[in-house]
Every structure is written in C-alpha cells, then in structure tokens.
2 protein chains.
Amino acid sequence: MLGILGGDDRCPIARSLDVLGEKWTLMIVRDALAGTTRFSRFQESLGIPREVLTARLATLVEGGVLERRSYKPESGRARDEYVLTGAGQELAMVLLALGDWADRNRPSSAPAGMRFVDAETGERLAPAARAGDRLVDPERIRPEAVPPEHARPEDAQPENAQPENARPEDSRPALERA
Amino acid sequence: MLGILGGDDRCPIARSLDVLGEKWTLMIVRDALAGTTRFSRFQESLGIPREVLTARLATLVEGGVLERRSYKPESGRARDEYVLTGAGQELAMVLLALGDWADRNRPSSAPAGMRFVDAETGERLAPAARAGDRLVDPERIRPEAVPPEHARPEDAQPENAQPENARPEDSRPALERA
DNA sequence: TACCTGAGTTCGGTTAGCAGAGCCAGTATG
DNA sequence: CATACTGGCTCTGCTAACCGAACTCAGGTA
C-alpha cells in the first residue's frame, strides 16, 4: 500500500491512491479487466518483475480489488488465480476516464490499441458526469470541501482558480479546510 | 515521466500513467483543481518533499496538464505559478472516478472530506459512462482491443472473465493482441 | 524416482523518495 | 550602500522501491 498521501484519510483521492497508486497497479487492473487471471500471464503481458507483481497482487487482494481463487488445470497442480471482485470491476470507470483523457490529450502516433465499449451493445463509451439521471458536462466538475462547520461556500467557487495573489490566505485548497 | 509501462504506447492507460502515474502527481492535480497554484502552497498542503514537487510540477508542465505563468505579488519579486491547462481541467473526470470508487469501496472512518459538484447548480456529481448522449450503467463497461487485423470478437467478451483453464491460449488480455 | 511447470523468492545493483540543510535572486528597508 | 526577507528551488546522505537474473518450491505426471 502506498499510504495516505498528505496524511488526511478523509480525502477519497488519497484513499483510492493508497490501493491504486503504486507503480504497475493500474496496469494490472487493466489486464484483469481484460480477462487475465494468472500470475504468468500478468507477468508476460506487462513485463513486470515477478517480485513486484507478487507484491502488487497482494495489495490488490488486500484492497478488495482482486480475490484469490484456487483452480485446477487439466494437468499439473492446483493453482491460485486472481479474479476481479465487484469493487475491482468498478475500476473500469476509472480506467475509462484515464483512457479517454489520454486519447484526447496524449495521443499516440500509432492507431489506438484499445477502447471501452458497452458490453451489451458494443457501442463505444466515453466517461461522463451525472447528477442523478442527468448528464452533466464534465467541464462543470468542481471539487468541493465538505464542511463540518464554518462553511464558507465561496471557497469552492471557480474564483479560486484565479491567481492567488489577490487573496493569499484564501488560496489554500478548499479541501484542506474541510 | 514514468515511461510507458508494458512498452506499448498504443495503450491509452499506459500513456496516461506516463504523465500521471508517479507518486504524488494526482494529489498535486487534486490541489490544482481546488485552486492551488503556488509552489509553497502545494508543498504545505501535501507535505511533499520540495525536490519531488519540483520534479512533478515539471512533469505536469511537460505533459500539458499545468502551465507556468509569471505573477507579481504586491511586494517581492516576480514568481511563477502553476495553472491548469484545459487538459489539466479535464482530469477532473479522472479524479471524480477515483473519488467515487474510494467512497464506495474504501470508506473512511471519518466523514468525507470532499466531493465533486456541478459548478453551476452545486449538485453532487457521480461518474458515469455514456454512449453518445445516453447514460450507460458503468457495470457494462468492457475493454476491447482495437484490432488492426485478425479480429477475434470473442476475445473481449465477458467470458474472458472466467477462469483461464478452459482455454489457456485465449486467456491473454485482449489488449495485447491489438 | 526424475522431470515439469507455474508461482513465487532471493540477491546484488540501480533508481526513486525522503528529511534536513543550504542556496539563489529579486525586492524592500534602514 | 548593506542587510534582511521570502518563495522557489538545489544539494546531500540515507532509506525504500524497483529491476534483472538466478534460484527455489511444490504438487502432479511419466
């Protein structure tokens, strides 16, 4: 586990990165989402050192993303495989967002190697934000501190995205004052 | 930069992690989204070693997420600040997905410290998948290799999530064969 | 029994991250 | 003019993480 960066475990970003933030972890999740379950397959497809893979798989199991299951091939000994949990499957949303961001902002010289689709219709998917059942333009996503008290609604307003010289004290991240 | 894990830069996940995958980077993006622009503010709010912060800010500038701008406080010398680019702002979608995942699967003992809201209505947001203008249940997100040739449509089907003992050769991640 | 094979484990070297101290460079002040 | 200030780094020695290659382990099979 990476630990809670910044030391505040109320922050969901830090909590997610505790499980997901180490080198190689999200690539393993990518392969797990694509169907890989066996140690050697992960190792070959990623080119990851075996010791690192062992550690990351343990982290993903401990973090509730993967679970170990025993399987028995037609010949040979019983083995463990690593299968996505429900929580692991939900990481598809994270990878969809990452992949979309890269496609839009970090294009490759080669044609795209993967995309995300609707399992039922085959349609290509993109990430979105929603409020209830309503689609919201992702440009309107803003972080907001959840105030226990002494709420200052203006702290999370877009004005905070301006240069900080106008109000140096108010420029601390809204999150920090939660 | 982290480099392209797995060595295949057609993979958008790997390309995104090239910029975003190093320790501390996404926490810096979190704070940038919340309005932080100055070196010392990032450093204080995150508790990150200064040399690491310097390196990460440089990566984010090189990766097109932040841009350096000169500003002049009322007293003192001209300074650089780090302002989100359009591409950087788009990372809100990634953080929304990460935060939502953690809230649902890695809850904290303390009340939540932050959430994401619609900048115009203040409504709380959740991540979603969409096909065009249609909301799609995130449970239906599946990765699919974009085949240049020798397409094997069954490779990206949910059957691949089954134990691999039935078809050892077909268990390689669909992405790898793109 | 020996061999096989997948899943690790070990080991020595390299790289990344860390804490603390120090440096740099404009600006303001006496 | 010299000095102090302050934000943004840079340096240094140490620890932790990652790496590549070699090795070990443990059930099953011939």
Side-chain angles (χ1 to χ4, degrees), chain A residues 1-7 17-18 20-28 31-32 36-61 66 68-83 163-165 168-169 171-172, chain B residues 1-7 17-18 20-28 31-32 36-61 66 68-83 163-165 168-169 171-172:
Chain A
M1 298 280 200
L2 194 62
I4 300 290
L5 296 183
L17 295 177
D18 186 25
L20 304 173
E22 287 173 299
K23 188 174 181 181
W24 292 105
T25 303
L26 284 173
M27 293 295 284
I28 294 168
D31 282 9
T36 303
T37 59
R38 294 191 194 179
F39 187 98
S40 55
R41 291 254 54 96
F42 283 115
Q43 202 274 317
E44 287 163 15
S45 72
L46 292 165
I48 177 176
R50 278 187 276 273
E51 189 183 33
V52 175
L53 179 56
T54 302
R56 294 294 178 278
L57 290 171
T59 291
L60 287 167
V61 168
L66 297 176
R68 287 169 81 115
R69 287 196 195 148
S70 188
Y71 77 95
K72 178 73 164 63
E74 294 196 352
S75 67
R77 57 178 296 194
R79 300 283 186 192
D80 284 349
E81 64 182 354
Y82 296 88
V83 179
E164 291 165 290
N165 48 2
E169 291 303 318
S171 64
R172 291 165 67 183
Chain B
M1 298 280 195
L2 194 64
I4 299 291
L5 296 182
L17 295 176
D18 187 25
L20 305 172
E22 288 174 298
K23 188 175 181 181
W24 292 106
T25 304
L26 283 173
M27 294 294 284
I28 293 167
D31 282 9
T36 301
T37 59
R38 296 192 194 177
F39 188 98
S40 54
R41 294 254 50 96
F42 283 115
Q43 203 274 318
E44 287 164 15
S45 71
L46 292 165
I48 177 176
R50 279 185 279 273
E51 192 183 34
V52 176
L53 179 56
T54 303
R56 295 295 179 276
L57 290 172
T59 291
L60 287 168
V61 168
L66 297 177
R68 288 171 80 119
R69 286 195 197 148
S70 189
Y71 75 96
K72 180 72 165 56
E74 295 195 352
S75 68
R77 60 183 291 198
R79 300 282 185 195
D80 284 348
E81 62 183 355
Y82 296 89
V83 179
E164 288 165 294
N165 48 0
E169 290 303 320
S171 62
R172 291 165 67 182

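Numbered from 1 within each chain, the chains take letters A, B, ... in sequence-line order. What you see below is based on every heavy atom in this structure, not just the backbone, and it leaves out hydrogens, waters and symmetry mates.
Remark: P of C:dG17 and CE of B:M27 are 15 Å apart, rounded to the nearest angstrom. Between B:L53 atom CG and C:dA19 atom P there is a gap of 13 Å when expressed in whole angstrom units. Atom pair B:I48:CD1 and C:dG17:C1' shows a separation of 10 Å (rounding to whole Å applied). The separation between A:E22 atom CD and D:dA17 atom P is 8 Å, rounded to whole Å. When rounded to the nearest whole Å, the span between CD of B:E44 and P of D:dT6 equals 13 Å. Following rounding to the nearest Å, B:L5 (CG) and D:dC19 (P) show an atom-to-atom distance of 8 Å. Between the CG atom of B:L46 and the P atom of C:dG17 there is a distance of 14 Å, rounded to whole Å. Between the P atom of D:dG7 and the CZ atom of B:F42 lies a distance of 16 Å, rounded to the nearest Å.
A:T59 contributes a side-chain N or O that, together with a main-chain N or O of A:A55, makes up a donor-acceptor pair within less than 3.5 Å. Proximity of a side-chain donor or acceptor of A:Q43 to a complementary backbone N or O of A:P49 within less than 3.5 Å is not detected. Panel note: side chain A:R56, backbone A:K23; a donor-acceptor pair is recorded below 3.5 Å.
Counting heavy atoms from C-beta on, the side chains of A:T54 and A:F39 come closer than 4.5 Å. Counting heavy atoms from C-beta outward, A:L5 and B:L46 have side chains that stay 4.5 Å or more apart.
By the salt bridge (Lys or Arg N to Asp or Glu O under 4.0 Å) test, A:R50 pairs with no residue at all, sequence neighbours left out. Qualifying side-chain contact (heavy atoms from CB on, under 4.5 Å) partners for A:R77, counting only residues two or more places apart in sequence or in other chains: A:R79.
Across the interface with DNA chain D, nearest-nucleotide mapping of A:G47 and A:G76 shows A:G47 to be the residue nearer the 5′ end.
Put simply, B:K23 has a side-chain N or O that comes within less than 4.0 Å of OP1 or OP2 on C:dC18.
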When every nucleotide of nucleotides 2-12 of chain C is labelled 5' to 3' by its protein contacts under 4.0 Å (heavy atoms), B for base, S for sugar-phosphate only, - for none, what sequence of letters results?
-> ---BBSBBBB-

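Considering only the side chain of B:R56, C:dA16 comes nearest among C:dT27, C:dA16, D:dC19.
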